**Q** 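Take a look at the following structure, please.
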Amino acid sequence: MDGYYAFMLVATALVLLMTVPALALFYGGMSRAKSVLNMLMMSYVAAAVVGLVYVLWGWSMSFSEDELLGGLFSNPFTHFGLKGVEAGDLIYVCFQMTFAIITAALISGAIADRVKLSAWVVFLPIWVTLCYFPLAHMVFGLGYLHSIFPAQDYAGGTVVHINAGVAGGVLALIIGKRLGFGREPMKPHNLPLTMIGAGLLWFGWYGFNVGSIVFVEGDGGELDTAQFLTETGVTFLNTTIATMAALLAWLAVEKLLHGKASSLGAASGIVAGLVAITPACGAVEPVGAIAIGAISGAVCSWAVGLKYKLGFDDSFDVVGVHLVGGIIGTVLIGLFSSASAPGGIDGLLYGGGLGSLGDQAGAAAFAIVWTGVLTALIAFAIKYTIGWRIDEEDEVEGIDFAEHGESAYDIATNTGSSHF
Amino acid sequence: MDGYYAFMLVATALVLLMTVPALALFYGGMSRAKSVLNMLMMSYVAAAVVGLVYVLWGWSMSFSEDELLGGLFSNPFTHFGLKGVEAGDLIYVCFQMTFAIITAALISGAIADRVKLSAWVVFLPIWVTLCYFPLAHMVFGLGYLHSIFPAQDYAGGTVVHINAGVAGGVLALIIGKRLGFGREPMKPHNLPLTMIGAGLLWFGWYGFNVGSIVFVEGDGGELDTAQFLTETGVTFLNTTIATMAALLAWLAVEKLLHGKASSLGAASGIVAGLVAITPACGAVEPVGAIAIGAISGAVCSWAVGLKYKLGFDDSFDVVGVHLVGGIIGTVLIGLFSSASAPGGIDGLLYGGGLGSLGDQAGAAAFAIVWTGVLTALIAFAIKYTIGWRIDEEDEVEGIDFAEHGESAYDIATNTGSSHF
Amino acid sequence: MDGYYAFMLVATALVLLMTVPALALFYGGMSRAKSVLNMLMMSYVAAAVVGLVYVLWGWSMSFSEDELLGGLFSNPFTHFGLKGVEAGDLIYVCFQMTFAIITAALISGAIADRVKLSAWVVFLPIWVTLCYFPLAHMVFGLGYLHSIFPAQDYAGGTVVHINAGVAGGVLALIIGKRLGFGREPMKPHNLPLTMIGAGLLWFGWYGFNVGSIVFVEGDGGELDTAQFLTETGVTFLNTTIATMAALLAWLAVEKLLHGKASSLGAASGIVAGLVAITPACGAVEPVGAIAIGAISGAVCSWAVGLKYKLGFDDSFDVVGVHLVGGIIGTVLIGLFSSASAPGGIDGLLYGGGLGSLGDQAGAAAFAIVWTGVLTALIAFAIKYTIGWRIDEEDEVEGIDFAEHGESAYDIATNTGSSHF
Amino acid sequence: MKLVTAVIKPHKWEEVREALASAGVAGMTVTEASGYGQQKGHTEVYRGAEYDVSLVPKIRLEVVVDDADVETVVGTITSAAQTGKIGDGKVWVIPVDSVVRVRTGETDEAAV
Amino acid sequence: MKLVTAVIKPHKWEEVREALASAGVAGMTVTEASGYGQQKGHTEVYRGAEYDVSLVPKIRLEVVVDDADVETVVGTITSAAQTGKIGDGKVWVIPVDSVVRVRTGETDEAAV
Amino acid sequence: MKLVTAVIKPHKWEEVREALASAGVAGMTVTEASGYGQQKGHTEVYRGAEYDVSLVPKIRLEVVVDDADVETVVGTITSAAQTGKIGDGKVWVIPVDSVVRVRTGETDEAAV
Ligand SMILES: Nc1ncnc2c1ncn2[C@@H]1O[C@H](COP(=O)(O)OP(=O)(O)O)[C@@H](O)[C@H]1O
Ligand SMILES: Nc1ncnc2c1ncn2[C@@H]1O[C@H](COP(=O)(O)OP(=O)(O)O)[C@@H](O)[C@H]1O
Ligand SMILES: Nc1ncnc2c1ncn2[C@@H]1O[C@H](COP(=O)(O)OP(=O)(O)O)[C@@H](O)[C@H]1O
């Protein structure tokens, strides 16, 4: 099983790559030229802050054996600073850390171009402590939520995507729209950057999904090896084909609704597919993976237009892609799950009845409520204390100058003056 | 052997990375700013379409045990939709899928800036069915071609590079030149993008070449482990040094012919070296790898200039790099192959006589004819039905607007107006 | 242990990725638009030249069993061209090769925008022969330096970072400033490129640090497996959290000194952290890793401003980040090293006394003097023969045209004329 | 004929365009420009080096108009572009000898 | 002296440059510009949001010429830039008081 | 009022800006431009194809000034931008009918 272990080293680095730089680029390309650096910074800073918090109390709160409040979370002090964690288990700590990081970073896409770096730095540790670690414990750590709705969530449909999607939506509502939203053009300033981001996200997602294998026997021997081979084969394949189906479905809906299939649509479709297959990749057969991917791609392609109708500025569609895609993936497991898949039980379409569907929907609803309420509390607390937003004039001039003292590009002739 | 298996998970993700985003970036940087998104899309869409086709009938047609027509290909229905494929083998399916994907995507470089997305989407499944799956069967699956010319092709000199190179050339001829070709400037719009692409291609190519190991004993035990260690060491080293030699050789020829060594030359040299060493990486000693790389770099550096003399618009030199480099690598095996390499037999320079050279040349010729004829048929069929090209005015204005409704960059002040 | 071996295949590719394209992008984004291609080329060409030299005599000079001059280096001819190296060991050759490559490439950041490609190509093989291979032998190969100062250097604090840092500083002094340095604005032309580079460097660094494991038992069996699991877990975690701490510390100092936390600061902090933890990642506990990262981030953040005061043009702060960060990491081992870490002995803070601190400082000083003197000799030799610098006018117009005949971007309307 | 050149704040472009369209101006030529004036630029810091960026982004419009329309056009631009804050920009008017529409060869009044 | 300013379609730039060179014009200054006029822009769609881009890319030339050459220069540009389709652009002529060649300090006729 | 337009080498911009400031010019508008003239461009080579790039980068300044200041301003620019090498650029002066400061509506002398 040192092959499995070697894979986990790579998988962990891959999931970190998903945030730094992949997600940062994906979002950064969609932002305006005057705020791309801030967008990148929100991901990079999230990685650093959440990573250190994870080592301090995140791991303990998620996975220590000492459950609190009936399993809402574990004791943050049991393994505070990783004391008592064996060296051979550190890679699992790091792997789980990268999940917390990307979940937090995902949220930033909903509140682009307008938030003080200081507010973001304050928000991050509170949010992961109240929203991420408990959900990680309740789902991955088989805590309270698992005991009431024993749903399947292979790699984080509820914990990562629904969680981030809800938080993004709530923040977008409470923090408010970008100045000029819906009136001024806010089109992506650098789509090749977004395409690089989407490509690297896809690449890194193999660490995310395939690395999420959990061993049943755990005998470290032959049975584990067999499971490693079959389970990773299934999750790898499902991840791949769901993404492909979502890409094409997104483009098809775009073509239908707007007459053109766009590259931003392809990039978005990739992410929508990956999001939806995340909870399902170990639970479905190939046909189920293609169906979940296609449905997610098609529905998200339509859902991203809603924010203009509903009038809230979820800048890069964290709700439209991660919440919607996360719910689709989580709930469709109830339909497409198959006992023939390594982590699956029979869902509705495979004769398993409504039980699984209920558990999946219940878990999704629980996650939405939990994170919705707590994120709103944190957001209001910050709003009425240090405040979220930068000055209006700074926002018009560009947050990159205002918060970071930089401009992203100086590609044509250089006409600034300097002193040191 | 779960270490080997772990490596295959990574290798497969690496080869997918070669198309999405590496190849897309490599080509995208060379295109004009008004058509970069279309260039990226051709790769991304190729990944999705070919990937799904591969799962449906591609694997079965390439590798099912049920050969048809004397070994030209296998029965596409035996494992249709991967039915009957064991979970533990799915990673090999995915690995081979990524080869089909990149081969198809490579072609797009020959027909940049001018082709309707719909035509490309129609072309892809037909082409892989008629040209890729049969050649993959005949070479990797030891079908008909292998029986008449038992050539060595470690990771796809014929199947991937000659195949894509011929198809690109044929399409460029039948589809015709870009408007203004040879008159208007069509220089690369973003060379750093091309350099990122080349760097990631190099990185991903280790999955491609080193992952192409095939076990002789297949005992899953000690002998396989020994083979894994020695064979991957050799292919890793050969891939590395051939690429380095090609990079330097390309620059040297450029310096000689044009007085300057360019960064596009470095990027191109990397690819030329990787292409040529692909079939040879398991068959040669270090000195052979350096020689093959250097020859490929030098010859391709000169060959890319030919299109201007011959007057056809192979936009980003799929012929000049992949066909020429592929032939060089495939044929030079006949000279440099050495029995001391893990997958090699003695070639001409190692006292093995002309036999190997004949087999290599024969296999190359067969692939050229097979794909040349069939690609021409498909290309004409599309030309006289739905048509390949976008409107002339759209081509002048830029295919990104016309086909995708987007523009790649909005880096300076934003002056568009918007409504939702 | 084939899992370990599989990891080494990936780790080696990762370290190559650090140079091509990661470091190239990191530096390239910081350069001006008129010289970004030259900056990229310096890394790409370094990879090719140093790689081939490594195969010819670099490996032999570093690691052959035939020591010369009391262990200053080994005989370059013993394994010339890798003769006599077993196939199963080739991956270690490749792994070490990538270390030599990145060390040489790092230097280029100190002498951006002004150096002839020919001078760089001449410098590279001489420098690695006189400075890199001997230090690699003396530290990794346990040669002379190790015998006088048995310092700990897990993955190359002295060999890679101090080495490159000193060489960069010496070259910057001898080659002289860019025209207009300190007067004209020379701000980064494309910070997203730098951020991609920093992200990929971080990713690749897991190959660098975690792949640097050396087995104590070497029994190929159970003990090795145990060591593989525990040691890589520690180095992976330490690498991660030191980098995070450095990122935040750099930003904090920036905020304090200049009022703003910049994205270039985040990217630089990442590198400063990775540099400092490189020698220490196997020797410290998590708290030590965080301390070393934070100190390095904070000090380097301040140190990069020194060049303006000292009046020398180390363009992208090879001294300020790699020399300073390398010394910090190397010397702080003497404080934070702990016997409880897999590769550690007790340092000053763990009751181990001053012994370790002395060895660490001694080794650092030796490396500084060795490389300082020899690099100066090489630099003067080139200065008074072929010369380092391009024409002044070419430097003003931009080295990309002058040396490579290219311009990096053509993003707005294309107005050049062409003939073929 | 006159050439009205206006230098305005970028985020006012859309309003100016609409106001001009309402005022019957059917064509104009726009360039991106940088302005130097009373409006302060900002300071950028890169690894310890501070750069004063004295230039601020502006949009520069050119409209060729009949003599009779000059006042309307200048007035329209001025009021649409006004924010009252320093840096709103300038409008200047220059005499034009002749104008040609490239497509048709029409000249002067017929050409704009 | 006169200043001839021309706004043309970008892909006509090369022809105009050659025609002017043949006509003896040895120097000019070029800027990238965006045009607004009868030529329709296009619509871009990003995740469901449609943007009307009303500006189309143009090349803007400035040539300072002797009074005597004005007609030739305007004529040369007009015919070289003409495609006959909407959006071909405009050429206008402005009186110039004086010109200086920076390198030598030469003025007026000697400076262009 | 006059409009002074200057086309200069980019690396001279900073000196010109300082010289103008010393001469009391408080505002100007800057655009990036490309120049075509006696100064040779350069040749770029991409995979065997050679491109002659005939345009060289320039900075284009516009300063509206009182009639009285024209000579000072032209002189200041000319001497600050001079390197003595081909390609130093041109300065030309155009009559201006009127100027408005958008922020205040002030006109002419008060507006610059
Ligand atoms: N003398 C001038 N000539 C040309 N353009 C000018 C002149 N003075 C100012 N401008 C332009 O007008 C813009 C606004 O001027 P500024 O002095 O900042 O504010 P305001 O016009 O509100 O007093 C400047 O950024 C510059 O583009
Ligand atoms: N009144 C004007 N002032 C300045 N530039 C103009 C004016 N009208 C048109 N233009 C420029 O001329 C270009 C072509 O004009 P347009 O109305 O589209 O077509 P045409 O000139 O063929 O009738 C526009 O894009 C714009 O750049
Ligand atoms: N007739 C002209 N009209 C407008 N701009 C001109 C003209 N001639 C030259 N220029 C501008 O002046 C710049 C310098 O001219 P050039 O002939 O290269 O050198 P010099 O002015 O030193 O003789 C050109 O690049 C161009 O931008």
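For clarity, every value in this text was computed on a predicted model and none was experimentally measured.
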**Q** Can you name the residues of residues 71-88 of chain D that have some heavy atom under 4.5 Å away from a heavy atom in chain E?
**A** none
**Q** Under 4.5 Å, heavy atom to heavy atom, which residues of residues 97-112 of chain E contact chain D?
**A** none
**Q** For residues 78-112 of chain E, which residue pairs qualify under ring pair (Phe, Tyr, Trp, His ring centres under 6.0 Å), counting only residues two or more places apart or in two chains?
**A** none
**Q** Which of the residues E:I94, E:T5, E:V93 is involved in the greatest number of heavy-atom pairs with chain D at under 4.5 angstrom?
**A** E:V93
**Q** So which atom in D:P95 and which in E:P95 form the shortest heavy-atom distance, rounded to 0.1 Å?
**A** O-CD, 3.4 Å
**Q** OG1 of D:T29 to CD1 of E:I59: how many Å apart, nearest 0.5 Å?
**A** 12.0 Å
**Q** Using non-hydrogen atoms and a 4.5 Å limit, figure out which bit of D:L3 sits close to chain E: side chain, backbone, both or neither.
**A** side chain
**Q** Is D:V96 close to chain E through its backbone or its side chain, or both, or neither, when contacts mean heavy atoms under 4.5 Å?
**A** both
**Q** Please name all residues satisfying salt bridge (Lys or Arg N to Asp or Glu O under 4.0 Å) with E:R47, sequence neighbours left out, ordered by chain then number.
**A** A:D317
**Q** Name the option with the most non-hydrogen atom pairs under 4.5 Å to chain E; the candidates are D:T31, D:V25, D:L61.
**A** D:T31
